[in-house]
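Below, all heavy atoms of this structure are taken into account, side chains as well, without hydrogens, waters or symmetry copies. Source: prediction; values computed, not measured.
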Amino acid sequence: MVMVSLVHQLSHCCCCPRQCGVDRLAGELGFCRVGHQALVAYAGLHRGEEPPISGNRGSGTIFFAGCNLRCVFCQNYQISQKFQVSSVMHMDTEQLAEAMLNLQAVGAHNINFVSPSHMVWQMADAILSARAKGLALPVVYNSNGYDSVETLRHIRGLVDIYLPDVKYMNNGLARQYSGVSDYADVVSGVLREMLDQVGHLEVDSEGIARRGLIVRHLVLPGALENSRQCLRLLAERAPDVTISLMSQYSPQYRASKYPVINRTLTSSEYDEVTEYALDLGLDNVFVQELASQDEYLPDFNRDEPFSER
């Protein structure tokens, strides 16, 4: 494994495709608005992920605050954009490593870094430290898909399971709803690199993920052609990939300003997309019950932000 210099990388930060180039070590803030220490909003067991990730004991999730996107419908807006949660903590490398070891001690199936794209160097250092102290769990990189391929190459060997979103294959929608103009151009290379590193999903005898790629796609109301484009990308580039097709969209945060997405997803919309996935020959697909939408929405101001599903 290659140890990436935290100091060298953050002094001219280019860890994500934004390429802000700011000196985070000197206190400068880029698009993500996070400095040189990891900013953690929540660390604990979470049972609301896909079955191979949550299992029966829960995934050891570490939610980073801040984000390199500005999704107007973000269900994690309390920590990704508003920074309004009192429990957000700055953690250095050793504190983050200790959080990982604590999650292992309470029985987590894995260590699941949520929104790591802008914290990748801090995460990498902490993984190396935790492994030196006995961490033996698979590491999950749970991102929005807007990652730097070059950065992912630097952390090869540190991540066992990649869990990215494929949000858009339409840059117009990406610009309108997430504040990014090149998402569709970036994400296909990201998927290629992730698949090259870890391969397709591998599970143990109990169905728990040990290694591999799971791709998530959130179906947006009124944007079914975007979903079809995303699924066609997967069918063309990785037809055997495991997909989590999510129906949990809810008009959170600033979505009310956008009439097309200011409503929940209908069952007919979700059914149309799931049927299209099957028509493309995508057989390894996790689906959700549409009635469970609200169960997936966290509240980071509660002691336990997640409801059980």
Side-chain angles (χ1 to χ4, degrees), residues 15-18 20 29-35 37-44 46-49 59 61-91 112-120 122-123 140-147 163-168 173-181 183 187 216-223 226 244 246-265 288 292-307 309:
C15 65
C16 86
R18 295 278 180 189
C20 294
L29 301 181
F31 186 90
C32 69
R33 296 182 291 158
V34 178
Q37 286 191 317
L39 194 58
V40 176
Y42 174 77
H46 178 27
R47 295 176 174 84
E49 305 283 29
S59 176
T61 52
I62 297 176
F63 275 82
F64 289 128
C67 189
N68 64 347
L69 296 183
R70 292 281 189 273
C71 299
V72 299
F73 52 82
C74 181
Q75 67 179 29
N76 296 341
Y77 70 92
Q78 292 168 312
I79 63 172
S80 65
Q81 298 182 48
K82 299 292 284 186
F83 292 85
Q84 64 183 190
V85 179
S86 60
S87 61
V88 170
M89 299 171 289
H90 287 92
M91 289 189 178
N112 182 358
F113 289 103
V114 183
S115 298
S117 306
H118 61 301
M119 299 277 197
V120 66
Q122 298 95 318
M123 179 199 75
V140 182
Y141 186 98
N142 183 343
S143 82
N144 57 32
Y146 193 58
D147 291 290
L163 185 58
D165 293 334
V166 174
K167 291 181 180 292
Y168 309 102
L173 291 181
R175 186 181 305 109
Q176 182 178 22
Y177 296 147
S178 294
V180 59
S181 61
Y183 186 97
V187 72
R216 286 172 166 169
H217 174 68
L218 176 66
V219 182
L220 299 177
N226 176 64
S244 178
M246 300 186 294
S247 65
Q248 68 197 59
Y249 177 83
S250 179
Q252 296 291 298
Y253 195 35
R254 294 189 289 120
S256 61
K257 298 181 180 179
Y258 300 84
V260 173
I261 60 170
N262 188 28
R263 62 175 176 84
T264 56
L265 191 69
Q288 292 177 340
S292 64
Q293 288 168 325
D294 290 341
E295 296 179 15
Y296 293 88
L297 301 179
D299 181 355
F300 288 92
N301 285 310
R302 294 201 306 256
D303 290 338
E304 168 52 64
F306 304 100
S307 59
R309 63 165 165 176

Side-chain touch [X]/[Y], heavy atoms, less than 4.5 angstrom:
{"X": "Y249", "Y": "T264", "value": "no"}
{"X": "R254", "Y": "Y77", "value": "no"}
{"X": "L39", "Y": "F83", "value": "yes"}
{"X": "I62", "Y": "V40", "value": "yes"}
{"X": "Y141", "Y": "S117", "value": "yes"}

[X] to [Y] - nearest heavy-atom pair and separation:
{"X": "V34", "Y": "A65", "result": "CG2-O, 3.6 Å"}
{"X": "P251", "Y": "I261", "result": "CB-O, 3.7 Å"}
{"X": "Q288", "Y": "S247", "result": "OE1-N, 2.7 Å"}
{"X": "L29", "Y": "G35", "result": "CD2-N, 3.7 Å"}
{"X": "R33", "Y": "R70", "result": "NE-NH2, 3.5 Å"}
{"X": "Q75", "Y": "Q248", "result": "OE1-NE2, 2.9 Å"}

What's the separation between atom [atom1] in [X] and atom [atom2] in [Y], rounded to the nearest 0.5 Å?
{"X": "S178", "Y": "N144", "atom1": "OG", "atom2": "CG", "value": "8.0 Å"}
{"X": "L220", "Y": "F73", "atom1": "CG", "atom2": "CZ", "value": "5.0 Å"}
{"X": "S244", "Y": "L163", "atom1": "OG", "atom2": "CG", "value": "7.5 Å"}
{"X": "Y253", "Y": "C74", "atom1": "OH", "atom2": "SG", "value": "8.5 Å"}
{"X": "S143", "Y": "D165", "atom1": "OG", "atom2": "CG", "value": "6.5 Å"}

Indicate the ring-plane relationship of F64 and H118, choosing parallel, tilted or perpendicular according to the 30° and 60° boundaries. perpendicular
Please work out whether the ring planes of Y168 and Y183 are parallel, tilted or perpendicular, with thresholds of 30° and 60°. perpendicular
Salt bridge (charged side-chain N to carboxylate O under 4.0 Å, His left out) contacts in which one or both residues fall within residues 255-265, not counting sequence neighbours: R263-E269
Name the residue from V180, N226, L173, L69 that meets the side-chain contact (heavy atoms from CB on, under 4.5 Å) definition with K167. L69
Contacts of Y146 meeting ring-ring contact (aromatic ring centres under 6.0 Å, His included) (sequence neighbours excluded), chain-then-number -> none
With sequence neighbours excluded, tell me which residues meet side chain to side chain donor-acceptor pair (under 3.5 Å) with R216. E49, E50, N142
Do [X] side-chain atoms and [Y] backbone N/O form a donor-acceptor pair below 3.5 Å?
{"X": "T61", "Y": "G44", "result": "yes"}
{"X": "Q81", "Y": "C71", "result": "yes"}
{"X": "H217", "Y": "V166", "result": "yes"}

